[in-house]
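To start, the structure under review is shown below, and the notes come after it.
In what follows, chains are A, B, ... by sequence order, proteins preceding strands, each numbered from 1.
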Protein chains: 2
Amino acid sequence: MGEPGTICGRRRCRGKEYSCSMELSLAVIGGKWKPLILWHLRETPTLRFSALRRTMPAITQKMLTQQLRELESDGLLTRTVFAEVPPRVEYALTDLGRGIIPILEALCRFGKEFEARFGVEATDATTAVATAQR
Amino acid sequence: MGEPGTICGRRRCRGKEYSCSMELSLAVIGGKWKPLILWHLRETPTLRFSALRRTMPAITQKMLTQQLRELESDGLLTRTVFAEVPPRVEYALTDLGRGIIPILEALCRFGKEFEARFGVEATDATTAVATAQR
DNA sequence: TTCAGTAGTATCCTTTTGGATACCATGAAA
DNA sequence: TTTCATGGTATCCAAAAGGATACTACTGAA
């Protein structure tokens, strides 16, 4: 299953360079925002741009647009533009995108285990959010 | 299981800030090298510094040291120094570290699926490795 | 007429991540 | 006496990732 000796074969797929399929996956779902975006889409069939923004108050518009475009180009979600005014754009997971949900859930479980092991210090962001929501 | 509304609670654990356990996990096992290091330790009970370097010819000494220290400090592996000369230092997974192996395997599977979907372009690195090995 | 709401671009800047290079201590072997 | 191997540090630098701010087009409502 694992590819123990494959370390030496440097490959490329959709512009990402890697030596191991794991690396490729991290390039596709890694980063600061992509897991969050996929996570939110997991529970709602479709979400429009503004709704996504509201669920992630800390992300900037540029970042959200950028990450969504990459996820779309990697086939993890679809982007549907409605010719209305004001504009409406809806995002939804593809089958490929749904495939990573179990991985995110596993990551979530590991994170909780890690938290339990080391303890958590809350940072006062309940208030920060209240202000961020405007 | 999922923490849908937890997006708003910004927490901290071992110096890492996050809003969701997933993020924490990615902070712990993400990055360019950590998954690889854990992957190699998965199949060998203990590995010394130089052996790890040989399995990852592209990593620099600084990076390997840095990543190993972080993994150690996060409790994913142990570092054993033998008072010999020349020095010998051995690294091994902890139980916590072994816990992420299934996640790496899942990432590996997803990566392969992704490759299968989009195709791979090999970059000539079989030769690159031969030279990198010195 | 000005404002709000949507989904963006464009530009510039800061922070984080990763990399190149040089250096160190030790003891055994050549 | 010089060299080699090991497992590092220290310093500086380049590239990538992420962020702040300003701007756009369009329309309907106030």
Side-chain angles (χ1 to χ4, degrees), chain A residues 10 12 15-19 23 26-37 46-74 77-92 128 131-134, chain B residues 10 15-19 23 26-37 41 46-74 77-92 128 131-134:
Chain A
R10 199 138 190 88
R12 198 169 344 118
K16 305 167 210 320
E17 283 224 353
Y18 57 97
S19 312
E23 281 184 79
L26 285 169
V28 170
I29 67 154
K32 190 165 173 182
W33 301 113
K34 285 178 183 174
L36 266 320
I37 294 173
T46 71
L47 272 176
R48 50 191 299 190
F49 190 83
S50 50
L52 270 168
R53 272 200 84 180
R54 271 189 294 275
T55 59
M56 296 179 276
I59 198 173
T60 60
Q61 198 166 32
K62 170 191 152 184
M63 274 299 120
L64 183 52
T65 303
Q66 197 179 93
Q67 305 299 302
L68 284 170
R69 292 296 157 84
E70 288 181 21
L71 289 170
E72 184 201 4
S73 125
D74 285 337
L77 51 81
T78 57
R79 177 172 181 270
T80 314
V81 183
F82 294 86
E84 300 174 2
V85 90
R88 180 158 62 106
V89 180
E90 288 189 350
Y91 297 90
T131 53
Q133 297 265 25
R134 184 143 1 129
Chain B
R10 198 139 191 88
K16 306 169 210 316
E17 283 223 353
Y18 57 97
S19 313
E23 282 185 78
L26 285 170
V28 170
I29 67 156
K32 190 165 172 179
W33 300 112
K34 285 178 183 172
L36 267 318
I37 293 172
L41 283 168
T46 71
L47 274 175
R48 50 191 299 192
F49 190 84
S50 49
L52 269 169
R53 272 199 82 180
R54 272 188 294 274
T55 58
M56 297 179 276
I59 198 173
T60 60
Q61 196 167 32
K62 171 191 152 185
M63 275 298 119
L64 184 53
T65 303
Q66 199 178 93
Q67 304 300 302
L68 284 170
R69 291 295 157 85
E70 288 180 21
L71 288 169
E72 184 203 5
S73 126
D74 285 337
L77 50 81
T78 58
R79 176 170 182 271
T80 315
V81 183
F82 295 85
E84 302 174 359
V85 90
R88 178 158 63 106
V89 180
E90 286 188 350
Y91 296 89
T131 53
Q133 298 265 25
R134 184 148 359 137

Heavy-atom closest pair (L41(B) atom, Y91(B) atom, distance to 0.1 Å) is CD2-O, 3.4 Å

Of all heavy-atom pairs linking I59(A) and M63(A), the shortest is CG1-CB, 3.7 Å

Double-helix bend of the helix from dT1(C)-dA30(D) to dA30(C)-dT1(D), axes at both ends from 5 pairs, round to 10°, gives 30°

CH2 of W33(B) to CG of L64(B), rounded to nearest 0.5 Å, is 9.0 Å

dist R88(A):CZ -> F82(A):CZ (nearest 0.5 Å) comes out at 4.5 Å

When every non-hydrogen atom of I37(A) is compared with those of Q67(A), the smallest separation belongs to CD1-CB, 3.7 Å

Hits for side chain to side chain donor-acceptor pair (under 3.5 Å) against T78(A), two or more places apart or cross-chain, chain-then-number order -> none

Between K16(B) and V28(B) the two heavy atoms that sit nearest each other are CE-CG2, 3.7 Å

In short, R79(B) meets V81(B) closest at the heavy-atom pair NH1-CG2, 3.6 Å

Can you give me the N/O atom pairs linking the protein to nucleotides 10-18 of chain D at distances under 3.5 Å, or say none if there are none?
{"residue": "dG18(D)", "atom": "OP1", "partner": "K32(A)", "partner atom": "N", "Å": "3.1"}

Rounded to the nearest 0.5 Å, the CZ atom of R48(A) sits from the CZ atom of R54(A) at a distance of 8.0 Å

Run E70(A) and K34(A) through salt bridge (charged side-chain N to carboxylate O under 4.0 Å, His left out) and show every step you take. CA-CA 9 Å; E70(A) 288 181 21; K34(A) 285 178 183 174; 2.7 Å; yes

With sequence neighbours left out, the residues meeting side chain to side chain donor-acceptor pair (under 3.5 Å) with E72(A) are none

- Message: Is there a side-chain contact (heavy atoms from CB on, under 4.5 Å) between L26(A) and L26(B)? Walk through the geometry before answering.
- Response: CA-CA 9 Å; L26(A) 285 169; L26(B) 285 170; 4.1 Å; yes

Under 3.5 Å between N/O atoms: give me all the protein pairs with nucleotides 2-7 of chain D, atom names plus distance.
{"residue": "dT6(D)", "atom": "O3'", "partner": "R48(B)", "partner atom": "NH2", "Å": "3.2"}
{"residue": "dT6(D)", "atom": "O3'", "partner": "P87(B)", "partner atom": "O", "Å": "2.7"}
{"residue": "dG7(D)", "atom": "OP1", "partner": "R48(B)", "partner atom": "NE", "Å": "3.1"}
{"residue": "dG7(D)", "atom": "OP1", "partner": "R48(B)", "partner atom": "NH2", "Å": "3.1"}
{"residue": "dG7(D)", "atom": "OP1", "partner": "P87(B)", "partner atom": "O", "Å": "3.4"}
{"residue": "dG7(D)", "atom": "OP1", "partner": "V89(B)", "partner atom": "N", "Å": "3.3"}
{"residue": "dG7(D)", "atom": "OP2", "partner": "S50(B)", "partner atom": "N", "Å": "3.0"}
{"residue": "dG7(D)", "atom": "OP2", "partner": "S50(B)", "partner atom": "OG", "Å": "3.0"}
{"residue": "dG7(D)", "atom": "N7", "partner": "Q61(B)", "partner atom": "NE2", "Å": "3.2"}

Under a 4.0 Å heavy-atom criterion, DNA chain C is touched by chain A from dG5(C) to dT11(C)

